[in-house]
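Report on one structure; see the data block that follows.
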Amino acid sequence: MKAKYGIGILIAVAAMTHVAMATTVRPIVIAHRGASGYLPEHTLEAYALAYAMGADYIEQDVVLTKDKHFVCSHDIHLESTTDVEQQFPDRKRKDGRWYAADFTLAEIKQLNVHERLSNRFPVGKAQFRVPTFEEAIELVQGLNKTTGRTVGIYPELKAPLFHKKQGLPMEEAFLEVLSRYGYTKATDPIFVQCFEMPTLKKLRSEFHSSLRTIQLLSDSPIQARMMTQEGLEKIAKYANGIGPNKVSVETNPDLVTWAHQYGLEVHPYTFRRDAVPKKYHQFDEELAQFFTTYKVDGLFTDFADLAANFLRTQDVGLAKK
Ligand code: G3P
Ligand code: CA
């Protein structure tokens, strides 16, 4: 009898453990523009370092060149992170800016990439180039092969409406690139993000994409209206999650609960060790607030190593939806 009872307990414990293992999932670390706290953003070097630091997903912001190649750049303009002004002084538009959409891929490949922020990697040291989106994918997939890990990509379509006006529609061409590299299903290691709702809707309704999508949300008045329960219910009809500015979560932590109620993941941006808000004493405290208290499903950070280390040492898990 005693023995039976013991076995029963063991079975119960094993079952509970199994349930616990099956129903918790670790939040993800998204390397924002690569390991951009350490190397110039959106370079193959920054992506490789983020991979080595333990990121789960590596972010690529993508824009189109004049000859319809996707390249990785946070901005539709080139002057904040390259030497385009020096190399092509006459190619600025009337607004004084150099647009990637006005340059061929061959021209963009001549540019030297430099750090955006003055407190980070020194400008003029070492040489970096603008990668194509394909090169970024091949790097991640190559490392997945050599390491045996499955790190995902997290591309953001930048300003699709602007691109359309330039005669450079993005959506179909973007899905074609992804399909060529094997990203076609909801279970593939990719999230597609965009601030523009029509693009995310179009991916589903017009191009029948099954890829997971994230509606990015800024704190503009229009987008703030999407962070209500009604707004989230609408988002859940065409996306798998939201990517809010982190301040929106701090202002209204219920946002995470509401989003989860509609089956949406929450991946706020952007967490930086060198720009920790004053209310937190150190970076780990900010990470704890979001991972442990607010229970976000992942976050964008320039310091993937620190977020990955936090999750490893704090044993953070979320209830699986
Ligand atoms: O895509 C998430 C986050 O990167 C949004 O902000 O301006 O860095 O693209 P941004
Ligand atoms: Ca982005």
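Ligands are counted one by one from 1 in listed order, and the atoms in each one are counted from 1 as well. Only a predicted model underlies this, so the values are computations on that prediction, with no experimental measurement involved.
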Output, by chain and residue number, all protein N/O/S atoms separated from the Ca ion (ligand 2) by less than 3.0 Å. Glu59 OE2, Asp61 OD1, Glu156 OE1
Sequence neighbours excluded, every pair satisfying side chain to side chain donor-acceptor pair (under 3.5 Å) that has a member inside residues 234-243: Arg204-Asn240, Gln215-Tyr238
For Arg312, enumerate each residue passing the side chain to side chain contact (heavy atoms under 4.5 Å, CB included) test, keeping only those at least two apart in sequence or located in another chain. Ala308, Asn309
Looking at Phe191, Phe300, Tyr269, Tyr154, the heavy atom closest to atom 5 (C) of ligand 1 belongs to Tyr269
Identify, with sequence neighbours excluded, every residue that meets side chain to side chain contact (heavy atoms under 4.5 Å, CB included) alongside Ser179. Thr184
Which residue and non-hydrogen atom of the protein lie closest to atom 10 (P) of ligand 1, and at what distance in Å? His74 NE2, 3.1 Å
Mark up the atoms of ligand 1 that fall under 4.0 Å of a heavy atom belonging to Leu216, in ascending order. 1 (O), 2 (C)
of all protein heavy atoms, closest to atom 4 (O) of ligand 1 is His32 NE2, 2.9 Å
Sidechain N-carboxylate O distance under 4.0 Å for Arg97, Asp75: no
Arg91/Glu107 salt bridge by N-O under 4.0 Å criterion: yes
Pull out every atom of ligand 1 sitting under 4.0 Å from any heavy atom of Glu59, numbered as shown with elements. 1 (O), 2 (C), 4 (O)
What I want to find out is whether Glu135 reaches Lys109 closely enough, with some N-O distance under 4.0 Å, to be called a salt bridge. yes
Any donor and acceptor pair, going by atom type alone, linking the side chain of His163 with main-chain N or O of Lys158 inside 3.5 Å? yes
Can you report which non-hydrogen protein atom sits closest to atom 9 (O) of ligand 1, along with the distance? Lys158 NZ, 2.9 Å
Any donor-acceptor pair under 3.5 Å linking the side chain of Arg273 with the backbone of Asp284? no
Can you list the ligand 1 atoms lying under 4.0 Å from a non-hydrogen atom of Gln193? 1 (O), 2 (C)
In terms of side-chain geometry, is the basic nitrogen of Lys279 or Glu250 positioned less than 4.0 Å from the acidic oxygen of its partner? yes
